[in-house]
Number of protein chains: 2
Amino acid sequence: MSHTPDPRFRIRLDYGDGVVLGPGKAELLERIAGTGSISAAGREMGMSYKRAWQLVEALNSMFRVPLVLSSRGGARGGGAALTEAGEQVLAAYRALENSAKEASSQPLATLRALRPEASARK
Amino acid sequence: MSHTPDPRFRIRLDYGDGVVLGPGKAELLERIAGTGSISAAGREMGMSYKRAWQLVEALNSMFRVPLVLSSRGGARGGGAALTEAGEQVLAAYRALENSAKEASSQPLATLRALRPEASARK
DNA sequence: CTGCGTTATGTCTGGTGGGAAATATCGCAT
DNA sequence: ATGCGATATTTCCCACCAGACATAACGCAG
């Protein structure tokens with residue numbers, strides 16, 4: 001029995017100035033696409049609406065075109081959806097994650113041989 | 001002239017419980033190997049000795065064997081050096097970075113076509 | 001046996017990031 | 001007209017973190 005189940009990969013693309021695309025924003029995009037709502041997506045991820053909205057704002061301002069379009073009012077109060085660019089960015093990020101993870105299996109095995117994670121009890 | 005010079009890759013290996021191996025700890029390991037001193041390495045990276053030491057402590061306790069050995073007193077006051085495991089972990093992380101970056105060039109090109117970074121002025 | 005530079009560790013404190021909550025606005029349904 | 005549910009935005013507040021600072025121990029050089 002190995003105690004080191006699987007180190008999770010976290011890849012962040014860092015353009016300067018705190019402009020970052022990482023797992024959090026990617027998942028948020030995904031859940032917005034799934035729920036059609038910023039607040040619902042945020043709730044699923046256990047974050048406040050404010051934070052979710054701030055992330056969306058960051059996402060929209062870090063590209064030349066917005067990734068999320070939102071609307072107020074209407075039958076169901078409003079909602080949000082990914083633009084085509086949003087879907088493309090999400091897909092590209094996922095593809096990036098996958099190929100990176102695949103390519104890293106060898107060095108990962110080396111690390112695993114070095115026995116990460118002993119106990120880390122506090 | 002493209003304004004998007006090069007999104008920097010940041011890869012973190014996340015074992016649960018806040019046990020994380022990322023670019024910061026890797027660079028610290030590298031500089032400890034180079035300087036033979038925790039405080040000197042920390043100074044080079046612009047961090048306090050306390051923080052550098054805390055990172056070393058985290059590194060040492062996240063594997064079964066310590067990655068950094070340190071000694072107090074002596075001619076030059078003391079010092080620190082990487083263990084063999086430390087050098088292996090550092091090498092494995094660097095290899096992982098390299099192969100991941102290489103494998104990601106294609107999705108990265110896709111993203112670049114979507115024109116990241118507009119202005120983001122605050 | 002004194003001095004020095006480093007490791008090792010604790011305490012205090014200021015800044016900041018994020019949540020909670022309050023408020024406004026929108027557009028359709030009824 | 002009125003209500004509803006979601007977006008949008010501000011203000012207040014507090015927990016947490018990181019740095020600054022203090023102190024101790026260490027071991028060799030001289």
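So that the names make sense, note that chain A is the first sequence line, chain B the second, and so on, each numbered from 1. No experiment lies behind these values; they were computed from the predicted model shown. Any value given below was found using the heavy atoms of this structure, including those in side chains, with hydrogens, waters and symmetry copies removed.
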- prompt: Which is the 5'-most and which the 3'-most nucleotide of DNA chain C that has an atom under 4.0 Å from a heavy atom of chain B?
  reply: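 First-to-last contact on DNA chain C, by the 4.0 Å heavy-atom rule, is C/dG5 to C/dT11.
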
Approximate separation, where rounding is to 0.5 Å, of [X] [atom1] and [Y] [atom2]:
X      : Y     : atom1 : atom2 : result
A/Y93  : A/N98 : OH    : CG    : 10.5 Å
B/R12  : A/R8  : CZ    : CZ    : 10.0 Å
B/I38  : B/R51 : CD1   : CZ    : 14.0 Å
A/E102 : B/S99 : CD    : OG    : 10.5 Å
A/L90  : A/I32 : CG    : CD1   : 10.5 Å

message: Please determine whether residues A/Y15 and A/V20 belong to a single hydrophobic cluster, defined as Ile, Leu, Val, Met, Phe, Trp and Tyr linked transitively by side-chain heavy-atom distances below 4.5 Å.
response: no

pair A/L67-A/L82: side-chain heavy atoms closer than 4.5 Å: no

query: How about A/Q106: does its CD atom have over 12 heavy atoms from other parts shown lying under 6.0 Å from it?
result: no

task: Could you tell me whether A/E97 and A/K101 have a side-chain N and a carboxylate O separated by less than 4.0 Å?
output: no

task: Please list, by residue number, the residues of residues 36-57 of chain B whose heavy atoms come closer than 4.0 Å to an atom of DNA chain C; answer none if no residue qualifies.
output: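 Nucleic-acid contacts, sorted: B/S37, B/I38, B/S39, B/Y49, B/K50, B/W53.
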
query: Where each residue is assigned the nucleotide of DNA chain D containing its nearest heavy atom, which of A/S70 and A/G73 is assigned the position nearer the 5′ end?
result: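 By nearest-heavy-atom nucleotide position, the 5'-most residue is A/G73.
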
- prompt: Can you find a side-chain donor-acceptor pair between B/T35 and B/S37 that sits under 3.5 Å?
  reply: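 Looking only at side-chain atoms, B/S37 and B/T35 do not form any donor-acceptor pair under 3.5 Å.
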
statement: Bounded by its outermost nucleotides with an atom under 4.0 Å from a heavy atom of chain A, the footprint on DNA chain D reads D/dG5 to D/dT11

